[in-house]
Amino acid sequence: RKEVEQDPGPFNVPEGATVAFNCTYSNSASQSFFWYRQDCRKEPKLLMSVYSSGNEDGRFTAQLNRASQYISLLIRDSKLSDSATYLCVVNPNDYKLSFGAGTTVTVRA
Amino acid sequence: DGGITQSPKYLFRKEGQNVTLSCEQNLNHDAMYWYRQDPGQGLRLIYYSQIVNDFQKGDIAEGYSVSREKKESFPLTVTSAQKNPTAFYLCASSIDPNPTSGRAMVFGPGTRLTVL
């Protein structure tokens, strides 16, 4: 079983729509969780950390469900500029981070 | 502005040749990492270094070597022993060597290596 699994998508949504997707992780001892955004042929960039109580950053909301071992990302009022691949990142042990393969979101006009 | 630079951006190599990818950071970060990204897969850790003059193998270290002689530099050598080296290589750094602290890592722009 992979350490981090994501639905690859693509999720094709119209501008203004809400889109949400999950990521599951296998190691219950994981303590840090992040969402990164990666544009085509570019490096990943931190979108937001995910906290136990859930957190928002503008139009983005992240949730953590430790019991079911998944995190989620919700994007409200989608913009064309939100089109990207979203990487789920989890730390399964002290020294490393594990990356999902990414969920691709395409926002259309 | 602080950040991570990687060079070259594109690199072409003939089979049997060793190549070295450069990674420099001016963020004063202690920890540095090398990842490899292949289409449809998550980033995989090649090597990491939590402090100068020390480094550890990641999940896919075979065929690669690194050095960490200076805090700001962490070059990666792809040797001829690496069987499938064509990939996107990403260098990253973090202020805190322990990912459990919740401190995220910063990535460089990457090097695309193609073996001809």
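Chain letters run A, B, ... following the sequence lines, proteins first and then strands; every chain starts at 1.
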- Item | Proximity breakdown for B/D38 and chain A, heavy-atom pairs closer than 4.5 Å | neither

- Item | Per-residue contact mode, A/Y36 against chain B (heavy atom under 4.5 angstrom) | side chain

- Can you measure from CZ (A/F34) to CE (B/M105) and round to the nearest 0.5 angstrom? 8.0 Å

- Message: Given heavy-atom pairs under 4.5 angstrom as the criterion, report whether the side chain, backbone, both or neither of A/P44 touches chain B.
- Response: both

- Query: Distance from B/F107 atom CZ to A/Q38 atom CD, nearest 0.5 Å?
  - Reply: 8.5 Å

- Item | Distance-only side-chain donor-acceptor flag, B/Q6 / A/E43, under 3.5 Å | no

- Item | Inter-residue atom distance B/Y48.OH - A/L97.CG, 0.5 Å rounding | 11.5 Å

- Taking all atoms of both residues into account, what is the closest heavy-atom pair of A/A101 and B/G40, and its distance? CB-O, 3.5 Å

- Message: So which atom in A/R41 and which in B/F88 form the shortest heavy-atom distance, rounded to 0.1 Å?
- Response: O-CZ, 4.4 Å

- Neighbour count above 12 (heavy atom, 6.0 Å) for B/Q17 CD: yes

- Message: Going by salt bridge (Lys or Arg N to Asp or Glu O under 4.0 Å), name the residues that satisfy it together with A/E56, two or more places apart in sequence or in a different chain.
- Response: A/R76

- From CZ (B/R44) to CZ (A/F99), nearest 0.5 Å: 13.5 Å

